[in-house]
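For ligands, and for the atoms within them, numbers begin at 1 and follow the listed sequence. Quantities reported herein were computed from a predicted structural model and do not represent experimental measurements.
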Amino acid sequence: MSTSGKRERLPPNQKVIPEIMGWGTQHPGIVKELPHVSKEEYRLTVDGEVESPLELDWKAFMALPQAESLSDFHCVEGWSVLDQRWEGVLFKVLAERVKPKPGVRYVFFECYDTYTTSLPLERVRDDDVIIAHKLNGDDLPQPLGGPLRVMVPKLYAYKSPMWPRRITFMEGDKLGYWELGIYSNTADPWKKERYNR
Ligand SMILES: Nc1nc2c(c(=O)[nH]1)N[C@H]1C(S)=C(S)[C@@H](COP(=O)(O)O)O[C@H]1N2
Ligand SMILES: [Mo]
């Protein structure tokens with residue numbers, strides 16, 4: 001927030017670069033090779049404290065209402081990419097389908113490469129949070145999370161899990177891979193919430 005109360009477009013200490021860098025170029029991935037998950041073998045499980053858990057294959061995922069989200073991408077390493085157009089299913093649409101039970105406040109993500117992260121339910125219900133299969137008109141490249149990535153643009157990108165395998169709705173929070181390590185669990189770029197203290 002600036003003193004006028006309006007949010008600056010670029011968070012503090014970020015510089016704009018033309019393209020998202022991708023897997024292994026900033027933080028090494030937590031596996032040695034990119035996980036190979038084809039659309040044919042992709043399964044996304046949505047479970048936990050919900051009335052109607054789901055297991056989606058690619059066809060079922062694509063049959064959900066599709067949307068677009070235009071947003072800026074902020075990496076904790078200090079670079080940002082503006083105006084990225086993601087296409088896929090809004091997270092809040094998926095949340096409506098599974099019907100979280102009262103008391104659910106967090107969502108935990110497990111990925112095909114064993115990466116994990118968590119987010120407050122309130123945050124992932126924002127209009128710009130999308131489970132994306134396209135970026136700027138093309139199929140999402142695998143090093144950027146293809147075939148599928150959850151994009152949470154208001155937070156540093158380590159809160160945007162690539163290749164999600166399981167999404168679990170929970171009452172309490174559970175720390176993910178980087179949050180157990182050096183990075184902040186709140187991850188707000190405008191507040192420079194980079195590191196765990
Ligand atoms: N599944 C998975 N998602 C992940 C990661 C990962 O290693 N595996 N790395 C995170 C981290 S630390 C960052 S900085 C961003 C990197 O996104 P990019 O490679 O598209 O720049 O993805 C996040 N999502
Ligand atoms: Mo990162």
Side-chain angles (χ1 to χ4, degrees), residues 10-39 41-46 56 61 69-88 91 106-120 123-124 128-168 174-196:
L10 200 62
N13 302 2
Q14 295 291 111
K15 82 171 211 273
V16 175
I17 64 165
E19 277 182 18
I20 299 172
M21 288 196 192
W23 185 87
T25 51
Q26 287 294 305
H27 293 122
I30 62 178
V31 291
K32 289 212 180 70
E33 279 177 52
L34 276 171
H36 281 277
V37 202
S38 66
K39 292 178 180 177
E41 55 196 0
Y42 213 99
R43 296 290 180 279
L44 177 63
T45 301
V46 191
L56 300 166
F61 178 79
S69 170
L70 185 71
S71 62
D72 300 340
F73 185 104
H74 306 298
C75 175
V76 69
E77 297 285 341
W79 51 268
S80 296
V81 184
L82 304 180
D83 292 322
Q84 297 298 285
R85 190 163 56 84
W86 303 87
E87 290 170 63
F91 192 93
Y106 294 92
V107 185
F108 191 73
F109 298 87
E110 293 171 59
C111 305
Y112 276 99
D113 62 344
T114 77
Y115 187 77
T116 52
T117 191
S118 74
L119 286 154
R123 172 58 83 190
V124 284
D128 56 5
V129 176
I130 190 162
I131 310 168
H133 54 83
K134 278 197 178 308
L135 173 59
N136 302 323
D138 295 320
D139 278 359
L140 185 59
Q142 199 195 4
L144 300 186
L148 208 62
R149 177 178 200 164
V150 184
M151 192 57 221
V152 188
K154 289 197 194 82
L155 300 179
Y156 287 126
Y158 62 89
K159 288 289 188 181
S160 289
M162 308 191 262
W163 323 291
R165 184 173 66 75
R166 183 173 175 205
I167 303 178
T168 306
K174 189 163 124 187
L175 296 178
Y177 178 78
W178 276 117
E179 297 87 342
L180 285 167
I182 58 172
Y183 288 127
S184 156
N185 192 32
T186 43
D188 185 338
W190 284 271
K191 296 184 185 155
K192 294 190 278 184
E193 292 169 340
R194 285 187 155 85
Y195 299 104
N196 276 327

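- For ligand 1, the atoms closer than 4.0 angstrom to any heavy atom of Cys111 are 1 (N).
- Taking all heavy atoms of Gly145, Ser160, Pro143 into account, the minimum distance to atom 24 (N) of ligand 1 is reached by Ser160.
- For atom 23 (C) of ligand 1, the nearest protein heavy atom (residue, atom name, distance) is Ala157 O, 3.3 Å.
- Other residues, nucleotides and ligands contribute at most 12 non-hydrogen atoms within 6.0 Å of the CD atom of Glu33.
- Glu77 and His27 are linked by a side-chain donor-acceptor pair at a separation below 3.5 angstrom, with hydrogens and angles left out of the test.
- Only the side chain of Trp178 comes within 4.0 Å of ligand 1, judged by heavy-atom distances.
- Contact annotation for Trp23 and ligand 1: only backbone heavy atoms (N, CA, C, O) come within less than 4.0 Å of the ligand.
- For atom 14 (S) of ligand 1, the nearest non-hydrogen atom of the protein is His27 ND1, 3.7 Å.
- A distance-only check finds a donor-acceptor pair linking the side chain of Asp72 to the backbone of Asp83 [under 3.5 Å].
- The protein atom (non-hydrogen) at minimum distance from atom 8 (N) of ligand 1 is Asp113 OD2, 2.7 Å.
- Neither the backbone nor the side chain of Pro164 has a heavy atom within less than 4.0 Å of ligand 1.
- Aromatic ring centroids of Tyr112 and Trp163 lie 6.0 Å or more apart.
- One finds the CD1 atom of Ile30 at 3.5 Å from the OG1 atom of Thr114 (value rounded to the nearest 0.5 Å).
- Proximity of the aromatic rings of Tyr158 and Tyr177 is defined here by a centroid distance below 6.0 angstrom, and this criterion is not met.
- Checked by atom type and distance alone, the side chain of Lys15 never pairs as donor or acceptor with a backbone atom of Ser80 at under 3.5 Å.
- Lys159 is not listed as a side-chain neighbour of Lys154, based on a closest heavy-atom distance of 4.5 Å or more.
- For atom 17 (O) of ligand 1, the nearest non-hydrogen atom from the set Glu19, Met21, Arg149 comes from Arg149.
- Proximity of His74 to ligand 1, defined as any heavy-atom pair under 4.0 Å, is not found for any part of the residue.
- Contact atoms of ligand 1 toward Trp79: 21 (O) (distance under 4.0 Å to a heavy atom of the residue).
- Residue Ile20 places a heavy atom under 4.0 Å from ligand 1.
- Residue Tyr115 holds the heavy atom nearest to atom 10 (C) of ligand 1 of all those in Phe109, Tyr115, Trp163, Tyr112.
- Ring orientation note: the planes of Phe73 and Trp86 are close to parallel, at an angle under 30° on the 30°/60° scale.
- Checking Glu193 against Ser184 by side-chain atom types alone, no donor-acceptor pair falls below 3.5 Å.
- When non-hydrogen atoms are compared, ligand 1 lies under 4.0 Å from the backbone of Tyr158 as well as from its side chain.
- For Tyr183, no heavy-atom contact with ligand 1 is shorter than 4.0 Å.
- Here the protein heavy atom with the shortest distance to atom 19 (O) of ligand 1 is Gly22 C, 3.0 Å.
- The parts of Met162 lying near ligand 1 are both backbone and side chain, judged by heavy-atom distances below 4.0 Å.
- Checked by atom type and distance alone, the side chain of Ser160 pairs as donor or acceptor with a backbone atom of Val152 at under 3.5 Å.
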